[in-house]
Amino acid sequence: MNAMNSLQKHGFWADSITYSELIKCCVSRGAVKEGKLVHKHVCSNGYEPKTFLKNTLLNMYVKFNLMDEAKKLFDEMPERNVVSWTTMISAYSNSKLNDEALKFLILMHREGVRPNMFTFSSVLRACDGLSNLRHLHCSIIKTGLDSDVFVRSALIDIYSKSGELQKGFRVFDEMVTGDLVVWNSIIGAFAQNSDGDEALNLFKTMKRSGFLANQATLTSVLRACTCLVLLELGRQVHVHVVKFERDLILNNALLDMYCKCGSLDDAKAAFSRMSERDVISWSTMIAGLAQNGYSREALELFELMKVTGPTPNYITILGVLFACSHAGFVEDAWYHFRSMKKLFGIDPGREHYGCMIDLLGRAGKLEEAIKFIHEMECEPDAVTWRTLLGACRVHQNVDLAIYVAKQILKLEPQDAGTYILLSNIYANSQRWEDVVEVRKTMKVQGVRKEPGCSWIEFNKQVHAFVLGEKSHPQIDEVNRELNQLIQRIMEAGYIPDTSFVLQDLEGEQKVDSLRYHSEKLAIVFGLMSLSNDKPIRIMKNLRICGDCHVFAKLVAKVEHRTIVIRDPIRYHHFKDGACSCGDYW
DNA sequence: GTAGGGTTAG
C-alpha cells in the first residue's frame, strides 16, 4: 500500500503490471480494504484497464469470497478470455455451486472461447451426475487435454467420487507420465472406496516408480490400514508421519487408525500430542473411546470439548449417543439428544434416531423404541429396523423380531442375515412350513449367506479363517489345539451355549459348527503364534455370537492373555475373564 | 491472471 501511496503522491500512474503486483500482494495478505482501493485507483485511471488486469481483479474478489463483486465485474467486462471464464468457473466449483459452474462452461462455449486444461480441471470438480461427466470426458479427449496431469487427477477423483472407481482406474492406467498428485488421486480413490488392499498395492508401485510420499499419500495409506485393521503397518506409517507433524488432516487419520485398530493407548497419545485439534480430531477420539468400550471416558471428553474445544457437529453428537447406547446410559442419551438442537443448533438426523432406538432397545425398552420410531421425523429405513432387530435378539422377543424382520425384507429383499435369523426363529418354534417358505424366497431372490470370517495379523501377513473352509495351511494343527483348549476351559466352567434362538444375527449358528466358529480358530492361531506378552487382535466380518463371547472371556482368564476382537460395529477387549463391553453388545 | 490429491458417521 505504501508503494501505491507514494506512486500517487508523486503523480505517477502505475502501469498494468505494477497494479497487478499490488493486487497479488493484497490477495496474499488477505487485505480486502486495500484491494478495493487499488480497484478504485485503477478505474480512476481514465482509460479502460486491459483484460489481463481485470482478470487479476476478478481473481482478487473470488479469493476474498466476494462473489457479488466478482460477478458484477465479470458482467461489465467488454472482453472475456479463457482466464476470465475459468476464474469464475473455479470459484463456483469451490463454492459447490455446480449448476452455475456447468452453466458458465456452456456460456463460454457460446461466446466462442475455448476451454483449456485449467478450465477442465476446475469444472470437473463441479461435475455431479454421470451423464455430465461422460460428456465432459469426451470433450476433454477431443481437445487432447486428457494427457494433462491436472485434468487427469481431477478425472480420477471425480470418477471415484461418483462411484465409478474402475473408470477412474482406467484413466490412471492409460497414463504415460504422471506426477505425485495423480498417484495420490488413485491411491485415495481406492482407500476411500474401502479397497485398502489395492490402495496399498498402488502405494508400493508408486514407491517403486521413484515417488516420495507426501501428506496426502500418507493420509490415504493410513486410511487403507484403518479399513484393513492393519495396526502393525499403521505403526510403520506413523514413523513417516512424524516428518509432517503439523499436518492436521494427516494427524486425524493417524488418530482414527489407532482408534479403529483398537489401540487406545496409542490413540490417546496421538491425540494429546497434536499441536492443533479440530472438530474431526475430537469427534474421532470420542467415537473411538465409545467403540472400544470406554463410554464414560467418551462422555467426559465431550464435556471437556464443550468447555475448551471446537463446536461439536452432527458427527460428534453421533459419537456421544453411540457411547451412551453401548453402555446403557439412558438418561445421558436423552439429555444429549434433547439438547443438541438448543446447544449447538443441530437437528437430529436419521442416525441420531438410530442411536436412540439402539439405546432403548438394548435397555429392554422395546415398546418405547417402537413408539420412538413412529415419532421420527423421517421414514424408518432398513438400518433403523435392523437396529430394533438387534434389540429383539438380545431380549429374545420372538414376535416382534418376526414383525421387524419382515419390515427389513420389504425394504431390502437381499439381506441374507435377516433371512437366516427369521428362518432360525421359525425353526425354533417348530414352524417348519415357514422355514421352507423363507428358504424358498432366498433361493428365488438369489440370496446367499456370507460365511463367518475372522482374520489376524502375524509376521506382516493376514491369516484368515473362514467357517467351513480348510484353506489355512495350519488348519489341522489349529483344530487339534482348539479341542485341547476347549477341554482346558471346560474345567474352568465353559459350557458350549447351544441355545441359538436369536443368538446369531447373521449366520454361523449350526450347533455342530459352533465349535469351529472362525473367531475361535483365529484365537487359537493367535495363542500358537504370538508371544505371551502380545495381545491377540482379531477382526471379523460378522458380529460375535454369545458362545464365542463366553469362550473368549474364559480363554483370556485361563491362558492369561489379552484378546481384542473387532466386529463390524465395535471392539471387545477381553482380559481376566471379563469383556470391556460388560456383556452388553 | 485461471487448475488437480488427503481426515470423523453411514
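What you are looking at is a predicted structure, and each value in this text was computed from that prediction instead of being measured.
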Exercise. Kindly point out which of dG6(B), dG4(B), dT8(B) is positioned nearest to the side chain of Arg223(A)?
Key: dT8(B)
Practice problem: Identify whether any heavy atom of Arg125(A) sits under 4.0 Å from a base atom; if not, whether one sits that close to sugar-phosphate; answer base, sugar-phosphate or nothing. | Solution: sugar-phosphate
Quiz item: Contact class for Lys54(A) (heavy atom, under 4.0 Å): base, sugar-phosphate, or nothing?
Solution: nothing
Quiz item: Base, sugar-phosphate alone, or nothing: which one does Leu222(A) contact when heavy atoms must sit under 4.0 Å apart?
Solution: nothing
Exercise. Please report, rounded to the nearest Å, how far the P atom of dG10(B) is from the CG atom of Asp358(A).
Key: 11 Å
Quiz item: dG6(B), dT2(B), dG4(B): which one has an atom nearest the side-chain heavy atoms of Asn116(A)?
Solution: dT2(B)
Quiz item: Which part of the nucleic acid does Thr284(A) contact within heavy-atom distance under 4.0 Å: base, sugar-phosphate only, or nothing?
Solution: sugar-phosphate
Exercise. Measure from the side-chain heavy atoms of Thr87(A) and tell me the nearest of dG6(B), dT2(B), dT8(B).
Key: dT2(B)
Quiz item: Considering only dG6(B), dA3(B), dT7(B), which nucleotide approaches the side chain of Asp148(A) most closely?
Solution: dA3(B)
Quiz prompt | Aromatic Tyr294(A) / basic Lys268(A) pairing, under 6.0 angstrom, 45° off normal | solution = yes
Self-check item: Touch class at under 4.0 angstrom, heavy-atom based, for Val182(A) against every strand present
Solution: base
Practice problem: Look at the rings of Tyr353(A) and Phe372(A) and say which category their plane angle falls in: under 30° parallel, 30 to 60° tilted, over 60° perpendicular. | Solution: tilted
Quiz prompt | Lys161(A)/Asp128(A) ion pair, N-O < 4.0 Å | solution = no
Quiz item: Between dT2(B), dG4(B), dG10(B), which nucleotide has the shortest distance from any of its atoms to the side chain of Asp179(A)?
Solution: dG4(B)
Self-check item: Nearest listed nucleotide, side chain of Asn94(A), among dT2(B), dG4(B), dT7(B)
Solution: dG4(B)
Exercise. May I ask you to verify whether the side chain of Ser220(A) and the base of dG6(B) hold a donor-acceptor pair under 3.5 Å?
Key: no
Quiz item: Taking the side chain of Val149(A) as heavy atoms from C-beta outward, which of dA9(B), dT2(B), dG4(B) is closest to it?
Solution: dG4(B)
Self-check item: Asp256(A), nearest nucleotide to its side chain (from dG6(B), dG4(B), dT8(B))
Solution: dT8(B)
Exercise. Counting heavy atoms from C-beta on, name the nucleotide in dG6(B), dA9(B), dG4(B) closest to the side chain of Asp247(A).
Key: dG6(B)
Quiz prompt | Side-chain donor/acceptor contact of Ser122(A) with base of dA3(B) under 3.5 Å | solution = no
Quiz prompt | Whole angstrom value for the distance that separates P of dT7(B) from CD of Glu276(A) | solution = 17 Å
Self-check item: Stacked cation flag Arg125(A) on Tyr92(A), 6.0 angstrom / 45 deg
Solution: no
Practice problem: Would you mind reading off the distance between Leu57(A) atom CG and dT2(B) atom C1', rounded to a whole angstrom? | Solution: 14 Å
Quiz prompt | Within 45° cone of Phe172(A) ring axis and under 6.0 Å: Arg152(A) NZ or CZ | solution = no
Exercise. Among the candidates dG4(B), dT2(B), dA9(B), find the nucleotide nearest to the side-chain atoms of Thr86(A).
Key: dT2(B)
Practice problem: Check the distance between dA3(B)'s C1' and Asp157(A)'s CG and give it to me in whole angstrom. | Solution: 13 Å
